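A, B, ... follow the sequence lines: proteins, then strands. Residue 1 opens every chain. Small disclaimer: the values here were computed from a predicted structure and weren't measured. We use all heavy atoms of the structure for the numbers below, so side chains are in, but hydrogens, waters and symmetry mates are not.
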There are 2 protein chains.
Amino acid sequence: MRRIAPDRDQLLGIVAEVFREHGYEGASLALIGEATGLGKGSLYHFFPGGKEEMARAVIAHIDGWFEDNVFAPLRDSTDPQAGIGHMFEATDGYFRSGRRVCLIGAFALDESRDLFAGQIRDYFGRWIMRLAEALARSGHRPGEASELAEETVAAIQGALTLARAANDLDVFSRALRRLRMRLGLPAKI
Amino acid sequence: MRRIAPDRDQLLGIVAEVFREHGYEGASLALIGEATGLGKGSLYHFFPGGKEEMARAVIAHIDGWFEDNVFAPLRDSTDPQAGIGHMFEATDGYFRSGRRVCLIGAFALDESRDLFAGQIRDYFGRWIMRLAEALARSGHRPGEASELAEETVAAIQGALTLARAANDLDVFSRALRRLRMRLGLPAKI
DNA sequence: GTCTATAGAGTGATAGAC
DNA sequence: GTCTATCACTCTATAGAC
């Protein structure tokens, strides 16, 4: 038979955008079906657990992207400053300079939080931990590094909220510029 | 007829909590009816525009609270530092030290943003503007004051998201403590 | 026949409008 | 309370690949 369905990776990307735009409650199966071009049969074939499993898979997919493109470089760069610089570039790219919101952050505020609390806590916890380690390796005292890491991740989340609220992308790029400076990185070209 | 309904102020407070806990989509009229003790008939009597009007009224109600308890003190305090200190206390109290999320911030991330974009932009815009003015009056250069104000409001939003994600209230109080320091206020007792 | 992927009618529950 | 629309979801049927 013909294979119309995109592979799982593409599929999760499309479903993620529906959740991102409409929230967990607002993302109806009708919308998801429309966006993916799949009928309910196919959707339930891929995700027997229904909408909840779709969301779980989407969160895991995003988490995996950050693991590969943000957390791992923070952990593995021999030069911690380079890892932190990489984090800012990847973050700016991922959120399309403020055009995109953080789906996991949005889920954290929603009632859907209870369903996905573990995944949400893990994602942010790992981000802060990897950044704190990199900051410690680049010379900050451990306690200070932890606070600075927490502050940085919170600032990114807040900037996404504010950029969206003000409908002004500059809010996000200004925030990233300030954070780069505070973390001792050279101003970006 | 018997008057079971609380007055409009109380009513809006109750409806606000339902939106806060469940989001715009997730807050069903059944939930709202249950929380308020009002039937659908009464709800449509108070809010002929239905759920959308309820949300609009709730946002306006919250905005009014911040106007009175945060924005006005920032504008009117003869000592700008006192106004800023007052802002932190009111903010900490309002968000119950991180137990409560910012409904308007949550709406900003949701699809409901399109419905309430004007109100959302106004709220955050006024907060940042009043804070920037107070910072300018307390000695910061105007451009610096603007950036610092934006950074502060974003940090508060981000801390609320993170506190909720980590299920750890300390995230919020640590953020407020750092912000107080950065804005030149004495550490809180 | 078996497996995977598909479409979509049909389920009861519940949504918001009135 | 009544209305209709839509919700998440189930189920049956069907396709071609093996």
Side-chain angles (χ1 to χ4, degrees), chain A residues 1-61 103 106-107 110-117 119, chain B residues 1-5 8 11-12 14-61 103 106-107 110-116 119:
Chain A
M1 64 169 278
R2 272 181 316 148
R3 182 172 235 293
I4 304 175
D7 64 34
R8 187 178 168 85
D9 229 54
Q10 289 177 294
L11 182 59
L12 284 175
I14 298 170
V15 177
E17 286 314 308
V18 182
F19 278 120
R20 205 187 294 280
E21 281 168 36
H22 299 92
Y24 182 67
E25 297 283 338
S28 69
L29 290 193
L31 280 170
I32 294 170
E34 196 182 310
T36 57
L38 294 175
K40 293 176 215 167
S42 305
L43 289 173
Y44 274 87
H45 171 73
F46 287 118
F47 307 102
K51 194 168 153 177
E52 188 177 326
E53 186 180 334
M54 295 179 208
R56 240 174 255 288
V58 160
I59 297 175
H61 187 243
L103 177 60
F107 276 7
D110 211 293
E111 68 167 339
S112 51
R113 184 194 82 130
D114 299 327
L115 286 172
F116 312 117
Q119 287 180 290
Chain B
M1 58 167 260
R2 270 183 317 148
R3 181 172 235 294
I4 304 175
R8 185 175 170 89
L11 181 59
L12 284 175
I14 297 169
V15 177
E17 287 314 307
V18 182
F19 279 119
R20 203 187 297 278
E21 282 168 37
H22 300 91
Y24 182 67
E25 297 283 339
S28 69
L29 291 193
L31 280 170
I32 296 170
E34 197 182 311
T36 57
L38 295 176
K40 295 179 199 175
S42 306
L43 288 173
Y44 271 85
H45 169 72
F46 287 116
F47 307 102
K51 194 168 152 176
E52 187 177 327
E53 186 180 334
M54 293 179 210
R56 239 175 256 289
V58 160
I59 296 174
H61 188 243
L103 177 62
F107 277 8
D110 211 294
E111 68 168 337
S112 49
R113 185 194 80 131
D114 299 327
L115 286 171
F116 312 117
Q119 286 180 290

> Would a 4.5 Å heavy-atom cut-off, applied to side chains only, mark B:Leu12 and B:Phe47 as touching?
Replying inline: yes

From NE2 of A:His22 across to P of D:dA8 the rounded distance in Å is 12 Å

Under 4.0 Å between a side-chain N/O of A:Ser28 and OP1 or OP2 of D:dT6, yes or no? no

**Prompt:** Are A:Glu25 and A:Glu111 close enough that some pair of their side-chain heavy atoms sits under 4.5 Å apart?
**Reply:** yes

Is there a side-chain contact between A:Lys51 and the phosphate of D:dA8, meaning an N or O under 4.0 Å from OP1 or OP2?
yes

- Does C:dA5 have OP1 or OP2 sitting under 4.0 Å from an N or O in the side chain of A:His45? yes

Between the CD1 atom in A:Ile59 and the OG atom in A:Ser112, the distance rounded to the nearest 0.5 Å is 7.5 Å

Taken to the nearest whole Å, CD/B:Glu34 to P/C:dG16 is 13 Å

Discussion item. Does this structure show an ion pair linking A:Glu53 with A:Arg56, if we count only N-O contacts that are shorter than 4.0 Å?
Written reply: no

Looking only at C:dA9, C:dT6, C:dG16, the nucleotide nearest the B:Lys40 side chain is C:dG16

Between D:dC9 and A:Tyr44, is there an OP1 or OP2 to side-chain N/O distance shorter than 4.0 Å? yes

Checklist entry - Any side-chain heavy atom of A:Met54 within less than 4.5 Å of one from A:Leu29? => result yes

Which part of the nucleic acid, if any, lies within contact of B:Gly50, taking any heavy atom under 4.0 Å across all strands shown: a base, the sugar-phosphate backbone alone, or nothing? sugar-phosphate

Between CD1 of B:Ile32 and P of C:dT14 the distance, given in whole Å, is 17 Å

The residue, B:Gly41 or A:Tyr24, whose nearest nucleotide of DNA chain D is more 5′ is B:Gly41

Between CG of B:Leu29 and P of D:dA5 the distance, given in whole Å, is 18 Å

B:Leu43 atom CG is separated from C:dA15 atom P, nearest whole Å, by 13 Å

Atom CD of B:Glu25 and atom C1' of C:dT14 are separated, to the nearest Å, by 14 Å

Whole-Å distance, B:Met54 CE to C:dA15 P, equals 13 Å

Rounded to whole Å, the CZ-P distance (A:Phe47 to C:dA5) equals 12 Å

